[in-house]
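To start, the structure itself, in structure tokens.
Heavy-atom basis, side chains included; hydrogens, waters and symmetry copies ignored.
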Amino acid sequence: MRRKSMILLVAAMTLAGCAGGSREGAPAASPRPGPTSASPGPGSTAPPATAPPATAPPATVTASPRSGSASAPPASRRADDVNGDGYADLVAEFGPADGRRLGVVQGSAAGLVPAKGVVVPPATFTSWLIGGGTRADLDGDGFGDILAYGGPDGEPQGSYIFWGGRRGVAATARPTPLRLPAASGPAGSRAVAGDFDGDGAADVATATPPASGGLAADLTILYGPFTRKGAPARSETRPSPTGGDFWRMTADEIHGRRATALLVHEGDDGEQVSGWLLAAGPGGLQRAGRKLNRGMAAAFGDFDGDGARDVAVGDDGSRNNEPGYETEPPSVHRTLTVYYGNGRQAVFKGSAGAAVSGDFDGDGHDDLAFGGAAPSRHVTATAPKVFWGGAGGLAPGRDVAGLGGAAPLAAGDYDGDGDDELAFVTGDDDSAIVVTDGKTAVSDFRTADVPS
């Protein structure tokens, strides 16, 4: 199966960071939503008066109850619920690499309903790099919105907003450009959504050209709520957290009023690169980040159930194709590194591919799906595995029955039963979606079954 260019849209983590990155147009990986925070941790923490050095161990964040608990926000306020009916919706890219289309499939008591979904046609929008941090209620109206990178026919490529509503997203609805304070067009680089100061209003981070010129990008943070013209309430711009140019980021997804961490990936040309984890708190994102192991697949979650956010970073299987640069060292090749909120780390070997986190068995510990990389000259194909969370953290991965040729795509509580379902993509040109409980398939549909 060819390397999937769709990006996982789900993540849940606050404490340590995950990584991944590639030049615009290359595949990326994603994260999933999780609990809220109270105490400091690697991905989300009240920032100290002076930011810690990049090598400082991650702080710890205490997560608040998951959705479904008494203190969780009402279901209609979920960032992953585009039509506000209380069920998570699947947001993904469908189709061949040279013609990606944005797809939205509604959740229901019976799970995902492809007949009630929509695939946005290229005339309305050609989509690239759907990934972690794509969903948030940007205008605060109670419906999840979609932050996508690409462009309508004849308009500049950049970051655009599809507004959610009671009927979801319409196939012909023109998206709104994400506006930068000093520019009239859309933000040119890929953007991700989070709540970087924990005030309950969704924010957006994007790379912008530095005022001084040169290659290194600045980091611009747009604070919500946003107007329906795509303008933020306020903004700030900082120098590149990586010390060089960057164009891709991963954000811990929004859940309640938890401040969400941001992972800024170093610039790349297809190789595995490091991400710099910026912890978050009431004062916003820390300015100094923690450099993580190289890997372009990343996902946030609370894998050991201690209330602090953890992060997993892995080899997504992509490689630089320049002579002499096509391989990765053993510490990166087919490696998954997990950073826990208490400062410890775990390393798993033997898999490469996409990363998606979620609580697939409802036991209060987030689990992680990782793998599914397509074969190449330098990486053999790896079947996706699920690493089950527990009090001791993630256990070694186990195969998912009958899904040797699939790649993890997304996770969400699509049927409202309290635990997350795990979706895989399979087939040539991402032609089918298989929904599982993390162990076996529970339903499937062809992407061609989703109306355009």
Side-chain angles (χ1 to χ4, degrees), residues 17-26 28 43-44 47 50-54 128-129 131-134 136 138 147-151 156-161 177-197 201-224 226 229-252 259-269 273-281 283-292 296 298:
C18 43
S22 73
R23 200 173 295 279
E24 297 286 16
S44 185
T50 304
W128 297 98
L129 290 176
T134 61
L138 294 169
L147 184 60
Y149 182 81
Q157 191 173 61
S159 293
Y160 288 79
I161 302 169
L178 178 68
R179 301 290 182 182
L180 295 176
S184 58
S189 293
R190 178 173 178 262
V192 293
D195 183 0
F196 304 124
D197 55 6
D203 310 315
V204 170
T206 186
T208 53
S212 59
L215 293 177
D218 283 341
L219 171 64
T220 293
I221 304 166
L222 309 173
Y223 293 94
F226 288 74
K229 293 184 178 180
R234 62 186 179 91
S235 66
E236 66 168 298
T237 298
R238 305 175 176 183
S240 167
T242 71
D245 56 332
F246 71 96
W247 37 84
R248 195 167 55 146
M249 294 166 286
T250 300
D252 192 355
T260 54
L262 179 69
L263 187 67
V264 181
H265 309 295
E266 296 173 341
D268 72 280
D269 194 18
V273 296
S274 290
W276 290 80
L277 180 68
L278 303 179
L285 293 169
Q286 291 184 345
R287 291 182 175 269
R290 180 189 182 195
K291 188 177 183 180
L292 305 183
M296 291 166 59

Side chain [X], main chain [Y], donor-acceptor under 3.5 Å:
X    : Y    : answer
T134 : A148 : no
T220 : T208 : no
R190 : M249 : yes

Subject >> Interatomic spacing from CG in D203 to CZ in F226 - rounded to 0.5 Å >> reply: 6.5 Å
Original post:
How many angstroms lie between atom OG1 of T250 and atom CG of L277, to the nearest 0.5 angstrom?
Top reply: 10.5 Å
Original post:
For S240, which residues count as a side chain to side chain contact (heavy atoms under 4.5 Å, CB included) partner, sequence neighbours excluded?
Top reply: T242, F246
**OP:** Tell me, please, which residues at least two apart from A202 pass side chain to side chain contact (heavy atoms under 4.5 Å, CB included).
**Re:** A136, L138, I254
**OP:** Output all residues satisfying side-chain hydrogen bond (donor to acceptor under 3.5 Å, both in side chains) with S235, sequence neighbours left out; order by chain, then residue number.
**Re:** none
Original post:
Does the pair D268 and E266 meet the rule for a side-chain contact (heavy atoms from CB on, under 4.5 Å), with working shown?
Top reply: CA-CA 6 Å; D268 72 280; E266 296 173 341; over 6 Å; no
Original post:
For the side-chain contact (heavy atoms from CB on, under 4.5 Å) test, which of L219, D218, L222 pairs with T237?
Top reply: D218
Subject >> Evaluation steps, side-chain contact (heavy atoms from CB on, under 4.5 Å), between M296 and H265 >> reply: CA-CA 8 Å; M296 291 166 59; H265 309 295; over 6 Å; no
Subject >> Test side-chain contact (heavy atoms from CB on, under 4.5 Å) applied to L178 and Y160, step by step >> reply: CA-CA 5 Å; L178 178 68; Y160 288 79; over 6 Å; no
Which heavy atom in [X] sits nearest to a heavy atom in [Y], and how many Å separate them?
X    : Y    : value
G230 : I161 : CA-CD1, 4.2 Å
R287 : L278 : O-CD2, 4.1 Å
G267 : V273 : O-CG1, 3.6 Å
A217 : A207 : CB-CB, 4.0 Å
Y223 : P232 : O-CB, 3.4 Å

**OP:** Might you work through the side-chain contact (heavy atoms from CB on, under 4.5 Å) test for I221 and L262, ending with a clear yes or no?
**Re:** CA-CA 11 Å; I221 304 166; L262 179 69; 5.9 Å; no
